[in-house]
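Below, each value reflects all heavy atoms present in this structure, side chains not excepted, and no hydrogens, waters or symmetry copies. Here is the naming used below: chain letters follow the sequence lines, and residue numbers restart at 1 for every chain.
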Number of protein chains: 4
Amino acid sequence: MPGGATKPRPVRGRPRTVGLDAAIVAAAAELLGEVGMVGLSMDLLAQRAGVGKATIYRRWESKEQLVIDVLQAIVEPSPTPDTGTVVGDLTAYTRMMVERFGQGRMSDVLPHLIEASCYDDQLRASLDDYSRQRQTTLRAILRRGIERGELPKDYDVDLVVDTVLGAFVYRRLMSGAPLNEAFSKRLIAFVLP
Amino acid sequence: MPGGATKPRPVRGRPRTVGLDAAIVAAAAELLGEVGMVGLSMDLLAQRAGVGKATIYRRWESKEQLVIDVLQAIVEPSPTPDTGTVVGDLTAYTRMMVERFGQGRMSDVLPHLIEASCYDDQLRASLDDYSRQRQTTLRAILRRGIERGELPKDYDVDLVVDTVLGAFVYRRLMSGAPLNEAFSKRLIAFVLP
Amino acid sequence: MPGGATKPRPVRGRPRTVGLDAAIVAAAAELLGEVGMVGLSMDLLAQRAGVGKATIYRRWESKEQLVIDVLQAIVEPSPTPDTGTVVGDLTAYTRMMVERFGQGRMSDVLPHLIEASCYDDQLRASLDDYSRQRQTTLRAILRRGIERGELPKDYDVDLVVDTVLGAFVYRRLMSGAPLNEAFSKRLIAFVLP
Amino acid sequence: MPGGATKPRPVRGRPRTVGLDAAIVAAAAELLGEVGMVGLSMDLLAQRAGVGKATIYRRWESKEQLVIDVLQAIVEPSPTPDTGTVVGDLTAYTRMMVERFGQGRMSDVLPHLIEASCYDDQLRASLDDYSRQRQTTLRAILRRGIERGELPKDYDVDLVVDTVLGAFVYRRLMSGAPLNEAFSKRLIAFVLP
DNA sequence: GATTAACCGAGACGGTACGTCACGTCTTTAA
DNA sequence: TTAAAGACGTGACGTACCGTCTCGGTTAATC
């Protein structure tokens, strides 16, 4: 299933080969795992996908738009933890975040997209979209806490999402401070009333 | 005044022309304002500074290291606000942050450094340094609050710094959510006990 | 009227639209005048002729085969001059050659066909055909001279054709020497006994 | 020794590596022999010569200018035959021409240059130069004939050069007529008084 | 009248080559 | 040894054509 960034196709002429989007995205995902965002050149990608470069440029505005689709395709929808309490859920959630976000092959993807989105308004929008999508799990946990009465009715979910994810991002990308369980614990204690 | 990233110089032979570091940094600052981080190529910079490329590489490991020095040189040390209360100080501080960070010419510099620091350990360290330096104002405000008794003695300054700056960074770089006074107000209310 | 290069068509199914050959050749002629042999891409030609690319390839082996048909269609059969003497006829003939061959829009067509015919045997044959066709006027002049007794019975018409046309071609394509009336006069004097 | 097409170099900065022109030309000659003018891509040439593409573009305006230098470098100055008589010399000369020009690896080079020179004035001039250089042997034979008294003092050397070489070129490139000893014999007989 | 097969415009497709640009290093002359 | 200048190898970029293919739809001759 092609991402939202794919351009609309005209009605006339040969239709775009179905599944090619997916094949290209898959090849890109493979390469991202092997060589990272650096090293993911359009030539290499085209070759790996068994596709002409023009075919890629026909479907995506830029490499970055494509990579956003890769992210969408790759990230299995992390299951919302359900431990019965907000604290438990947040603990499980942050543990997962630390694992995923802390290191790994693709850790250079997001930084690259952030930088690229400075020069590309469409990409900016796509990245915003993606970011908001990735908030859903955390939002769900907090909203359930409100429903259960663990959190006050006027609990500022938006703000907590910004601060929790923000703290992670800030430490990971800027201050270089470690992301670990101890930090998560302090953070959880801090944002809960 | 050249930054700390400048390599040590040997003792023998012709001494390095004094002030060349500064001239190069100045030219880089100029170009950053004109063409942004994209468009700041080493060839262009060398030409603008009236300098050979080798001269730049002799003094900095990379373009990014140099740009960090540019940041150091450019950012006048924001004066710590002193309104008498933590709330007042934080309000003044966030207002300044919104102004500076929200938009502007150089808003693509930090994203670029973040991305580049994925592939360059030295740069990673430099950027961490820079980030921590930029925390000092906020830290001072909070510490003074503790001294004045406005904040509890065990107030987790580190964590608040991470969450406040993190929330700003996250909205600016990822979710694209607006940075404005309303948000600042909610954020301040949230992090104060 | 479509040239001899058009492929044979099968009997069954929808017959080829009559006049499409001519329309394509006309569009090609137009484009040759506007953008020359460079710039005459198949995509552009198809678009201009309001035709699918496949339709062109169905009728001609290559762009060059098509262009030969264009030449056939364009070049009105130069009337054989008849001044009463061989010298007069040759003078008229060479004057016409200088005008046509010397410069003009389409002066890049022949060189292109020559080069292309190095890699395409069919085109080679077509070009040979075309070249021999274009010899007829000169041959007629010389043969008439023999009939009238102005030229000896064993006059080597073939050779004179080769040398006269060869000299023109050589100067035009290789040495870059000028083609003018003075040269023609010397040439005529030289080849007549 | 680099060809006449090489651009002048500035005095300052690193001088161009000596012998690199020659190395590139040699690689090009090699490739021309292996893959012909088609197949001689700039990427391939750069790779074979162990050189960056930019280095080639720095020294030659186009692939064709370079190839002219290749021709200059390759064609060993054919020794002017000296049999004692003009007929003998011309016979030897035409035999050599038939051998060289008739077929062979590089037979697509000249046609390509001819076509390319339609769109490139500088190349046009270079090709003219080259063509005139290649006339010297034939001119020498004829001039010696005049000195020896075999040919009249007012013998039109220029014109004979044009017709002889022209006839060869015309048959080879346009009419496709065969180049052989019989034709040479007729041609020689024709141009001698 | 239904079927069939080639035609048609449009444009996607896998390739290949192009010429440019930036990188970081090297090599000259001069100070 | 530093400096300005600029050549060097490398490798990615995005574009342009090529000749083929695949759609939906059309048009005649055949069944």
Counting only side-chain nitrogens and oxygens, does [X] get under 4.0 Å of the OP1 or OP2 atom of [N]?
| X | N | result |
| --- | --- | --- |
| C/T55 | E/dG9 | yes |
| D/R58 | F/dC8 | yes |
| C/T17 | E/dC8 | yes |

Between atom [atom1] in [X] and atom [atom2] in [N], what is the gap in whole Å?
| X | N | atom1 | atom2 | answer |
| --- | --- | --- | --- | --- |
| C/I24 | E/dC7 | CD1 | P | 13 Å |
| C/I56 | F/dT20 | CD1 | C1' | 14 Å |
| B/M37 | E/dA22 | CE | P | 13 Å |
| C/R48 | E/dA10 | CZ | C1' | 18 Å |
| A/R16 | E/dA10 | CZ | P | 17 Å |
| C/L31 | F/dC17 | CG | P | 12 Å |
| A/L20 | F/dT22 | CG | C1' | 13 Å |
| A/L66 | F/dC13 | CG | C1' | 16 Å |

Notebook entry, point to check: Got a sec, which residues hit salt bridge (Lys or Arg N to Asp or Glu O under 4.0 Å) with C/D128, two or more places apart in sequence or on another chain?
Noted result: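 C/D128: salt bridge (Lys or Arg N to Asp or Glu O under 4.0 Å) contacts with C/R124.
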Note to self: For A/E64 and A/S117, which I'm curious about, is there any donor-acceptor pair between the side chains at under 3.5 Å?
What the structure shows: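 There is no such pair between these side chains.
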Atom pairs under 3.5 Å: protein N/O with N/O of nucleotides 26-30 of chain E:
unit_1 : atom_1 : unit_2 : atom_2 : d
E/dC26 : O2     : D/R14  : NH1    : 2.7
E/dT27 : O4'    : D/R14  : NE     : 3.3

Margin query: With a 4.5 Å cut-off on side-chain heavy atoms, are C/L71 and C/L113 touching?
Written below: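 Answer yes - side chains close enough.
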Next item on the list: Compare all side-chain heavy atoms of A/Q65 with those of A/R59 and state whether any distance is below 4.5 angstrom.
Entry: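 Result no, sub-4.5 Å side-chain heavy-atom pair not found.
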Next item on the list: Name the closest nucleotide to the D/Y57 side chain, picking from F/dG14, F/dC13, E/dG19.
Entry: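 Taking heavy atoms from C-beta onward, the closest nucleotide is E/dG19.
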Next item on the list: Kindly state which residues belonging to residues 110-120 of chain B come within less than 4.0 angstrom of DNA chain F, counting heavy atoms of the residue only, listed by number.
Entry: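 Going residue by residue through residues 110-120 of chain B, none turns out to have a heavy atom under 4.0 Å of DNA chain F.
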Next item on the list: Using heavy atoms and a sub-4.0 Å distance, could you list which residues of residues 40-47 of chain A are near DNA chain F? By number, please.
Entry: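 Hits under 4.0 Å, by residue number: A/S41, A/M42, A/D43.
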Item checked: Contact nearer the 5' end of DNA chain F, comparing B/G50 with D/A49 ->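 Its nearest nucleotide lies further toward 5', so the answer is B/G50.
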Notebook entry, point to check: If we fit an axis to the first five pairs and another to the last five of the helix from E/dG1-F/dC31 to E/dA31-F/dT1, what angle do they make, to the nearest 10°?
Noted result: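 About 20°, once rounded to a multiple of 10°.
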Side chains of residues 39-46 of chain C: which donor-acceptor partners sit under 3.5 Å, not counting sequence neighbours?
unit_1 : atom_1 : unit_2 : atom_2 : d
C/S41  : OG     : C/L44  : N      : 3.1
C/D43  : OD2    : C/K53  : NZ     : 3.4

